[in-house]
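Some notes on the structure that comes next.
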Amino acid sequence: MSIEYNLNNLKSKVSKSVTIVAVSKTKANNLIMKAYETGHRVFGENKIQEMISKYESLPKDIKWHMIGHLQRNKVKYIAPFISLIHGVDSIKLLNEINKHAIKHNRVIECLIQVNISNEATKYGVSINEIDELYNHSLTLQNVLIKGFMAMASFTNDESKINIEFKSIKVQFDRYTKINSNFNVLSIGMSGDYKIALKNGSTMVRIGSKIFGERMV
Ligand SMILES: *Cc1c(COP(=O)(O)O)cnc(C)c1O
């Protein structure tokens, strides 16, 4: 199936109020352009170098989302143009983003990455660390926390995935009640986006269902 078909098919299944981040990591510029030409503008990458080279050669109205783990020493490279950083999981990283946002005279929107799967290998703060990171963000003028990003366990057990997504939805609801800036719940990938949508996802990050399987 073509990228155009995949994207339109996905859009027909997902409510218009849900943002689809087309995860283009490892995919060549000409494939990204196929999605772009259908009108799609939101793309996600997880490696800084790859994102920068794509940013430089592709149309400037693309909204680039950093969905991977972000090292502090790399923030400076994406600070001028990044649209949303999904993977904020420490005060030090948030401080660094703020510092470079100030240099570029902009406010950088971020999501707090929350570890809902308890897999030791995954990034993200635990649910009981959210408040500390969020409260710290309020002291920084040039970062704005828009919501949460989370990944479910890599499993076929749908009830487990459902429980994990529910655990972040509860936190999201708690925050949206007290904070009008909070409106992004980034949960759901190609394999589990339907479960994520049932749990109130407002942003899905879809790679292989749009671009096909990745070789790496
Ligand atoms: C690669 C990636 C995705 C997309 O994965 P697919 O299964 O191809 O849809 C989503 N989120 C993150 C953080 C990723 O690294």
Side-chain angles (χ1 to χ4, degrees), residues 1-14 18-28 31-32 34-35 38 40-52 54 62-71 74-75 78 82-90 93 97 109-125 146-158 160-162 164-165 167-169 172 184-216:
M1 287 299 169
S2 71
I3 289 168
E4 295 90 319
Y5 175 89
N6 292 342
L7 201 47
N8 288 328
N9 186 38
L10 192 64
K11 284 184 178 168
S12 73
K13 288 181 188 158
V14 172
V18 172
T19 303
I20 297 172
V21 181
V23 176
S24 49
K25 62 191 186 191
T26 80
K27 299 297 177 181
L31 301 179
I32 297 176
K34 289 205 189 308
T38 71
H40 198 79
R41 293 293 180 271
V42 184
F43 293 87
E45 292 282 336
N46 68 343
K47 294 211 169 66
I48 295 290
Q49 201 47 57
E50 189 176 344
M51 177 185 281
I52 290 163
K54 287 173 176 174
I62 287 179
K63 293 188 167 75
W64 292 102
H65 287 204
M66 180 63 200
I67 61 168
H69 180 67
L70 180 57
Q71 287 173 298
K74 303 278 175 64
V75 172
I78 60 170
I82 195 72
S83 172
L84 183 66
I85 298 176
H86 288 232
V88 174
D89 63 357
S90 78
L93 177 58
I97 295 168
E109 298 189 343
C110 299
L111 305 178
I112 293 176
Q113 184 173 354
V114 182
N115 184 341
I116 54 174
S117 73
N118 295 318
E119 284 172 17
T121 55
K122 285 210 175 142
Y123 296 107
V125 299
K146 298 288 292 177
F148 300 132
M149 186 274 243
M151 280 192 265
S153 295
F154 188 70
T155 172
N156 291 327
D157 183 349
E158 295 200 352
K160 183 171 162 65
I161 294 171
N162 195 52
E164 291 176 353
F165 283 153
S167 73
I168 191 64
K169 176 66 159 78
F172 184 66
V184 181
L185 181 58
S186 170
I187 52 173
M189 309 178 21
S190 292
D192 58 18
Y193 76 93
K194 287 180 186 153
I195 308 172
L197 291 172
K198 283 191 192 124
N199 284 289
S201 172
T202 72
M203 187 175 278
V204 291
R205 308 177 309 272
I206 310 282
S208 41
K209 270 241 152 49
I210 295 171
F211 294 104
E213 296 298 326
R214 285 177 300 275
M215 294 302 137
V216 286

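Excluded from the calculations below are hydrogen atoms, water molecules and symmetry mates; all remaining heavy atoms, backbone and side chain alike, are included. As the structure lists them, so they are numbered: ligands from 1, and atoms in each ligand from 1.
Among protein heavy atoms, the minimum distance from atom 12 (C) of ligand 1 is reached at Ile67 CD1, 3.5 Å. Among protein heavy atoms, the minimum distance from atom 5 (O) of ligand 1 is reached at Met189 CE, 3.6 Å.
Those atoms of ligand 1 with a heavy atom of Ser190 less than 4.0 angstrom away are 6 (P), 7 (O), 8 (O), 9 (O). Here is the list of ligand 1 atoms found below 4.0 Å of a heavy atom in Gly207: 4 (C), 6 (P), 8 (O), 9 (O). Near Ile206, with a cut-off below 4.0 Å to any heavy atom, the atoms of ligand 1 are 9 (O).
At least one heavy atom of Arg214 sits less than 4.0 Å from an atom of ligand 1. In this structure, Lys25 has a heavy atom closer than 4.0 Å to ligand 1.
Although no hydrogens or angles enter the test, the distance criterion places a donor-acceptor pair under 3.5 Å between the side chain of Asn6 and the main chain of Ile210.
Atom CD of Glu4 sits in a crowded spot, with more than 12 heavy atoms from other residues, nucleotides or ligands closer than 6.0 Å.
Contact annotation: the side chain of Glu45 never approaches that of His65 to less than 4.5 Å [non-hydrogen atoms, C-beta and beyond]. Side-chain atoms of Arg205 and His86, non-hydrogen and from C-beta on, do get closer than 4.5 Å to each other.
Using the six-membered ring where Trp is involved, Phe148 and Phe172 have ring planes that are perpendicular, over 60° apart on the 30 and 60° scheme.
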